[in-house]
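Whatever order the structure lists them in is the order used to number ligands and atoms, beginning at 1. Residues: numbered from 1 along the sequence shown.
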Amino acid sequence: MAINIIKEKCIGCGQCFSVCPADAFEFEPYDGNKLGKVAKINAKCTFCNQCLTACKFGAIEEKKIEVQADLGDYKHVWVYAEQRNGKLMNVALELIGEGYRLAKEISDDTEVCAVLIGAEEDIAPLANECFEYGAEKVYKIASPLLKNYTTDGYTFAMKEAIDQYKPEIILYGATHIGRDFAPRIAARCNTGLTADCTRLDVRVSSYIDYAKKNTTLDTSTLDPNDTSTGIKQTRPAFGGNLMATIICPRTRPQMSTVRPGVMQKREPVKGATGEIVEVKTAVSADDIHITLKDVVKSAKELVSLTDADIICSGGRGLGDASGFELIKKFADKVGGVVGSSRAAVDAGWIDHSHQVGQTGTTVKPKIYFACGISGAIQHLAGMQTSDIIVAINKDPDAPIFEVADYGIVGDLYKVIPEIIDEWDNAEELYDASTK
Ligand SMILES: Cc1cc2nc3c(=O)[nH]c(=O)nc-3n(C[C@H](O)[C@H](O)[C@H](O)COP(=O)(O)OP(=O)(O)OC[C@H]3O[C@@H](n4cnc5c(N)ncnc54)[C@H](O)[C@@H]3O)c2cc1C
């Protein structure tokens with residue numbers, strides 16, 4: 001999309017200036033009207049289109065432009081290394097791992113690069129962590145104006161870096177910030193974005209293997225020897241009932257947001273280093289239309305499901321809200337955190353921050369206890385890659401048992417207290433059972 005001024009119709013009245021929220025209009029001299037000037041649009045335009053209807057002379061039009069990027073100009077995989085208050089989000093490290101894998105599948109000389117945006121004092125110490133988890137290069141965009149995330153400020157800075165260094169792929173975590181940031185960049189760059197991906201492939205052959213195992217797609221038309229290296233971005237759609245694979249063949253960068261907890265971190269290599277590129281940004285206070293007044297942390301108990309090694313989740317089988325007291329007791333005993341199904345959240349028994357699943361958090365703990373949870377596909381989408389799944393359900397036919405490593409058929413109100421009682425003896429019992 002582009003906004004175009006039809007000079008012959010513009011009378012230089014400046015009406016469009018007053019409706020533009022981005023301050024994107026200027027005058028330029030023109031000798032074809034009485035005032036001797038016409039409006040001109042600068043790079044601040046956000047394509048909001050408010051000026052189209054404001055111009056009474058029909059002098060502003062929206063133009064569709066066929067974009068065909070010179071694909072060869074773009075190289076390397078970037079990961080937006082999201083940080084908050086000088087702490088990297090876990091998903092950034094997961095994406096560096098995934099980005100590394102994709103980069104090497106594209107070619108040996110394709111690099112995975114982390115992009116750090118923020119205040120110098122917050123981001124400078126993070127570059128080494130990015131290197132240790134696999135980044136080969138770190139782009140650092142530092143400014144006091146970028147201390148806290150703002151859509152305007154970060155988009156401005158990232159767009160400058162993209163224009164200068166032309167990455168082929170950019171991955172963002174599908175966090176609240178990533179989901180806000182990536183679409184704004186995509187619109188600015190006139191490129192494609194696939195949201196909430198759970199799988200990425202470069203090689204057609206590995207995509208075919210995946211599709212054969214996990215979908216009903218007819219793969220006979222796909223050539224396993226195809227050498228194209230565009231990414232195939234797969235994401236669940238229609239409530240998880242359909243897996244959609246989306247490609248971005250004509251524009252660059254190819255961009256995806258990826259769910260936290262889905263991709264694998266690399267084993268960190270202590271002391272690993274790489275190149276740091278300081279990117280100068282021209283961002284100014286005028287470019288940021290948001291005033292951050294305060295950052296308020298939720299007064300509710302903080303739940304860190306993504307980082308938990310053990311999760312004890314309760315579902316509708318608890319019967320009522322008080323059932324979560326038992327789940328909390330269970331979690332405290334085994335050193336875990338409390339999760340839940342959406343049914344329990346919808347019933348008002350527990351806050352949404354505990355919800356695991358497609359519309360909640362994706363988790364990958366060492367042990368996931370599913371208590372009174374049936375195993376609907378939308379719940380499984382958020383926990384089925386857990387290392388060990390233990391299901392407690394009174395219905396032996398509940399679908400949760402299909403993904404469970406250990407299943408206990410029984411009333412959770414009888415089973416969980418027994419586990420709590422026996423937990424301290426667990427090691428002894430295990431030793432005895434394996435002798
Ligand atoms: C677009 C969309 C997105 C969704 N996103 C999510 C999501 O992110 N997360 C999510 O969880 N759901 C999600 N859902 C909802 C999902 O489809 C299911 O409705 C939900 O997961 C069911 O929750 P549940 O297993 O707790 O309840 P139920 O399906 O009602 O299962 C309760 C289970 O408890 C067992 N039970 C009952 N009493 C006991 C007892 N005393 N002891 C032991 N077992 C007992 C029953 O046998 C049953 O299997 C989504 C749905 C849609 C359409």
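Separating the OG1 atom in Thr155 from the CD atom in Glu160 is a distance of 11.0 Å, to the nearest 0.5 Å. Atom CG of Leu146 and atom OG1 of Thr281 lie 6.0 Å apart (nearest 0.5 Å). The CD1 atom of Ile416 sits 12.0 Å away from the CH2 atom of Trp423 when rounded to the nearest 0.5 Å.
Atoms of ligand 1 lying under 4.0 Å from at least one heavy atom of Asp411, given by number and element, are 40 (C), 41 (N), 42 (N). Ligand 1 places these atoms under 4.0 Å from at least one heavy atom of Gly357: 7 (C), 8 (O), 9 (N). Distances below 4.0 Å separate heavy atoms of Gly360 from the following atoms of ligand 1: 8 (O). For ligand 1, the atoms lying closer than 4.0 Å to a non-hydrogen atom of Ala376 are 16 (C), 17 (O), 18 (C), 21 (O). Which parts of ligand 1 touch Thr359 is read off a 4.0 Å heavy-atom cut-off, strictly below it: atoms 3 (C), 4 (C), 5 (N), 6 (C), 7 (C), 8 (O). Heavy-atom contacts of Gly315 reach the following atoms of ligand 1: 26 (O) (cutoff under 4.0 Å). Ligand 1 places these atoms under 4.0 Å from at least one heavy atom of Ser341: 11 (O), 23 (O), 24 (P), 26 (O). Applying the 4.0 Å criterion to heavy atoms of Gln355 picks out, from ligand 1, the atoms 6 (C), 7 (C), 8 (O), 9 (N).
Between Ala344 and ligand 1 there is no heavy-atom distance shorter than 4.0 Å. Under a 4.0 angstrom heavy-atom cut-off, Gly410 registers as being in contact with ligand 1.
For the 3.5 Å distance criterion, the side chains of Ser340 and Ser313 fail to qualify, holding no donor opposite an acceptor. Between the side chains of Gln83 and Asp122, no donor N or O sits under 3.5 Å from an acceptor N or O.
Remark: Arg199 engages Asp201 in a salt bridge, criterion side-chain N to carboxylate O under 4.0 Å. Ion pairing between Asp152 and Arg184 holds under the 4.0 Å rule for side-chain N and carboxylate O. Between Arg101 and Glu105 there is a salt bridge, with a side-chain nitrogen of the basic residue lying less than 4.0 Å from a carboxylate oxygen of the acidic one.
Looking at Gly317, Ser313, Ala381, Ala343, it is Gly317 that brings a heavy atom closest to atom 40 (C) of ligand 1. Distances from atom 46 (C) of ligand 1 to the heavy atoms of Asp395, Thr361, Asn393, Ile416 put Asn393 nearest. Between the choices Arg342, Lys414, Arg316, the shortest heavy-atom distance to atom 2 (C) of ligand 1 belongs to Arg342.
Taking only nitrogen or oxygen atoms, main chain and side chain alike, Gln358 reaches within less than 3.5 Å of ligand 1. Polar contact with ligand 1: present for Leu412 (N/O pair, distance under 3.5 Å). Geometrically, ligand 1 and Gly372 share a nitrogen or oxygen pair separated by less than 3.5 Å. Between His379 and ligand 1, a contact under 3.5 Å exists for at least one N or O pair.
Applying the salt bridge (charged side-chain N to carboxylate O under 4.0 Å, His left out) rule to pairs touching residues 383-395 yields Lys364-Asp387, sequence neighbours excluded. Evaluation of the ring-ring contact (aromatic ring centres under 6.0 Å, His included) test over residues 80-134, restricted to residues two or more places apart or in two chains, returns Tyr80-Phe181.
At a heavy-atom distance under 4.0 Å, only backbone atoms of Val356 (N, CA, C or O) approach ligand 1. Looking at Ser374 against ligand 1, both its backbone and its side chain come within 4.0 Å, counting heavy atoms.
Nearest heavy-atom pair across Cys130 and Leu88 is SG-CD1, 3.9 Å.
A side-chain contact (heavy atoms from CB on, under 4.5 Å) with Ile3 is found for one member of Cys45, Cys48, Cys16, Cys20 and no other, namely Cys45.
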